[in-house]
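Because the structure is a prediction, the values reported are computed rather than measured. Lettering follows sequence order; numbering is per chain, from 1.
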Number of protein chains: 4
Amino acid sequence: MPKRIDHGARREEVLAAAVRVFARKGFAASRIDDVAAEAGIAKGSVYLSFDSRDALLKAAFESYAALAADVLADLGSGPALDRLATLVRRIVAMLAAHPDHARVLVDLWASGQPLDMAAVYRDYRAVIENLLRQAREEGALRAGIGPEHAVVVVAAVEGCLLQWLVDPELPIADLAGPVIDVCVEGIRA
Amino acid sequence: MPKRIDHGARREEVLAAAVRVFARKGFAASRIDDVAAEAGIAKGSVYLSFDSRDALLKAAFESYAALAADVLADLGSGPALDRLATLVRRIVAMLAAHPDHARVLVDLWASGQPLDMAAVYRDYRAVIENLLRQAREEGALRAGIGPEHAVVVVAAVEGCLLQWLVDPELPIADLAGPVIDVCVEGIRA
Amino acid sequence: MPKRIDHGARREEVLAAAVRVFARKGFAASRIDDVAAEAGIAKGSVYLSFDSRDALLKAAFESYAALAADVLADLGSGPALDRLATLVRRIVAMLAAHPDHARVLVDLWASGQPLDMAAVYRDYRAVIENLLRQAREEGALRAGIGPEHAVVVVAAVEGCLLQWLVDPELPIADLAGPVIDVCVEGIRA
Amino acid sequence: MPKRIDHGARREEVLAAAVRVFARKGFAASRIDDVAAEAGIAKGSVYLSFDSRDALLKAAFESYAALAADVLADLGSGPALDRLATLVRRIVAMLAAHPDHARVLVDLWASGQPLDMAAVYRDYRAVIENLLRQAREEGALRAGIGPEHAVVVVAAVEGCLLQWLVDPELPIADLAGPVIDVCVEGIRA
DNA sequence: CATGAATGAGCTTTCATTCAT
DNA sequence: TATGAATGAAAGCTCATTCAT
């Protein structure tokens, strides 16, 4: 077997395999053997890239967090509520484009502490709070709506994700529109 | 330990203990020993009430589903959107009143087992679709909003729940208001 | 529930139930619950008649040993080889008449020490050695045959039993004839 | 512990250890731990070679069946009854040479599992039926004796085995002679 | 580096036995 | 006496992790 040139690349391959496996059977039912088989390497070799089974889940988390951070960054210019609509569309598109990562989210939610999911949602809300603050300054916001409603916008998107995860029949990709109808158009002045 | 008279009552006690344990450490990390200790009985005695560890999770699911069904039933009379607001308030109140059951939800979402969470959300959406249909008939609905936005309303509530589960700092009990602001008032004609 | 008058009778009932259960599923797979259910009493009540699960097997052994002893006793009068033939017929008839007891024999054979199966076969051989000794005195025995062939006669019968136990298709009841052909007629002078 | 090259060899070692343990304490009382200790490996390692405890018993059965098949094959030429005598001698020699395998036989008899001991004895009888048929054609058989007496010959051997298993004092190795006296010489014309 | 045999802690589940009623 | 809920010691099996090759 040839020696590995790029440790990082192998790590990515293994992680990708792990995410596929976790998505397929759930983290709890996923064995290191499964991940190794999916990656096409030996069980022990998984440990060359990751310290433990939990480290794989942590990496999957970080991988998702990076995806999410990408989406949250650089929303362009224009009216704040337009940027909010763009944000919603992008998140939904991202989830639909990475169904395996999305599926792993339930395991991340369920996995106790050491994964700072709270921070992910805190950042998420912070971005939207900012948009709402700007929309308020632009006078674009209906009375009674303010940054404190960011949690509801996040909820609408993540709640759609959740329903899709629980019931794959639900067409996640088509849900950006309805969410925007309610959470963007519904709060417009 | 004395003889039990009521098998059903003991079953409820064990289930309640299990739900507390699952809420505290997550289902994956919960041992039958933990449940037994929490219930104050011997490990083997858990099996007098439940066939297996998985059966405990299933029972927790059913227990939650019953709670949810209660909330969905009997929304009173009055304008449909008022009933929708009531529904949202009730669900949030129910979740806040049963934080342990709520915490177990992530395990139910993550559980690969045949728990039919999908049906729970399907029923949930169906109730709201009806309310939206009635609101439409009452002429209470803004243009562009219809039964197909039920998924967003469910999402807003479940998404708040999710954020709370992931970050217990978030005051779930205070979130009914914001959700109603957006998802009820925001869709009003 | 009425109180028991006759402890011994209840003991017999339980033992009979146990023998049926052991015959049906083998001792290893037989649970105290099974025996209790078969006897129509509660699990704990089995312990009123027997000290332990092993005690049931021991009792089954003693029960069989008594059956066997009965057959060996009182073979009537007449030429020794005729009595030997009678003995063989009786043993086979006894086994065929008590298939449950017979089936339990394999568990008795397999069950290690504290059951003195060795003594049963020792007694068995002793009786036949006596018959062969008498046959010899009667001049009824072929040259080269003597009391030391008792083990073979016992073997022929028990070997038939064994084949029947392993393969219930085999008609045990019809096997006395062939055994006598070989083991009685075959050793006649 | 170093890496194993030959999986099959390790399997044989574990099986041999298992047979020794089963012979010593009986299958019912044999723990996987015991087998592992006897084999000098860790408990979990037993499962690298065998799927379950029952699989060990099945393998022991197959191992014995192979031994038995060897003995039944290739009885040489010569008069059928001489070959029958050879067969008896060989079986007894085989049993005496493999006392552990022989001891496990009672567990195989008692095992409720689908081990098809019946087939072993069926084959066994078929071989002897053939020999008796040939003896008949050779005119070597006493009147009244025929292939239907094969069961008795098998019984005589297996019955000796049984008595030895139940009472190890009995000198199995010396029993071929008496069996032949009765079951071969006794049926000769 | 890569491998996969070996390990053994840990977990679920079973069930003989006890004993309060 | 009769009951069966309660117990808890066992035991089978799994699988993350290690490490000799």
### Query
Atom CG of C:Asp116 and atom NZ of C:Lys58: how far apart are they, to the nearest 0.5 Å?
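It comes to 10.5 Å.
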### Query
When rounded to the nearest 0.5 angstrom, what distance separates CE in A:Met117 from CG in B:Asp167?
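If we round to the nearest 0.5 Å, A:Met117:CE and B:Asp167:CG are 11.0 Å apart.
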### Task
Evaluate the side-chain proximity of C:Arg10 to C:Glu13: yes if any heavy-atom separation is below 4.5 Å, no if none is.
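The answer is yes, as the side chains (C-beta and beyond) meet within the 4.5 Å cut-off.
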### Any side-chain heavy-atom pair of C:Leu56 and C:Ile32 under 4.5 Å
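When only atoms from C-beta onward are counted, C:Ile32 and C:Leu56 do touch, with a gap below 4.5 Å.
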Please give, in whole Å, the distance from [N] [atom2] to [X] [atom1]?
| X | N | atom1 | atom2 | answer |
| --- | --- | --- | --- | --- |
| D:Leu48 | F:dC13 | CG | P | 14 Å |
| A:Phe50 | F:dA16 | CZ | C1' | 16 Å |
| D:Glu13 | E:dA5 | CD | C1' | 13 Å |

### Query
Toward the 5' end of DNA chain F, which comes first, C:Ile41 or B:Ala42, by nearest nucleotide?
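Looking at DNA chain F, the more 5' nearest nucleotide goes with C:Ile41.
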List the atom pairs, with distances to 0.1 Å, where a side-chain N or O of residues 103-115 of chain B and a protein N or O form a donor-acceptor pair under 3.5 Å, not counting sequence neighbours.
from: B:Asp107; atom 1: OD1; to: B:Phe27; atom 2: N; distance (Å): 3.4
from: B:Asp107; atom 1: OD2; to: B:Phe27; atom 2: N; distance (Å): 2.9
from: B:Trp109; atom 1: NE1; to: B:Tyr121; atom 2: OH; distance (Å): 3.1
from: B:Ser111; atom 1: OG; to: B:Gln113; atom 2: N; distance (Å): 3.0

### Task
Let me have a per-nucleotide readout for nucleotides 9-15 of chain E, 5' to 3', with B, S or -, counting only protein heavy atoms under 4.0 Å.
-BSBBBS
### Task
Not counting sequence neighbours, which residues clear side chain to side chain donor-acceptor pair (under 3.5 Å) with A:Ser63? List them please.
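Residues passing side chain to side chain donor-acceptor pair (under 3.5 Å) with A:Ser63: A:His101.
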Going by atom type alone, with no hydrogens or angles, which donor-acceptor pairs under 3.5 Å involve a side-chain atom of residues 34-46 of chain B and a protein atom two or more places apart or on another chain?
from: B:Asp34; atom 1: OD2; to: B:Lys25; atom 2: NZ; distance (Å): 3.3
from: B:Asp34; atom 1: OD2; to: B:Arg31; atom 2: N; distance (Å): 2.8
from: B:Glu38; atom 1: OE1; to: B:Arg24; atom 2: NH2; distance (Å): 2.5
from: B:Glu38; atom 1: OE2; to: B:Arg20; atom 2: NE; distance (Å): 2.6
from: B:Glu38; atom 1: OE2; to: B:Arg20; atom 2: NH2; distance (Å): 3.4

#### Entry: Nearest-neighbour nucleotide for the C:Arg10 side chain, F:dA2, F:dA5, E:dA6 considered
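Selected nucleotide: F:dA2.
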#### Entry: Set of side chain to side chain contact (heavy atoms under 4.5 Å, CB included) partners for D:Ala68, sequence neighbours left out
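For D:Ala68, the residues satisfying side chain to side chain contact (heavy atoms under 4.5 Å, CB included) (neighbours in sequence not counted) are D:Tyr64, D:Met94.
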## Note on the structure
Symbol by symbol from the 5' end, with Watson-Crick or G-U pairs under 3.5 Å, [ ] crossing and | another strand, DNA chain F is .||||||||||||||||||||
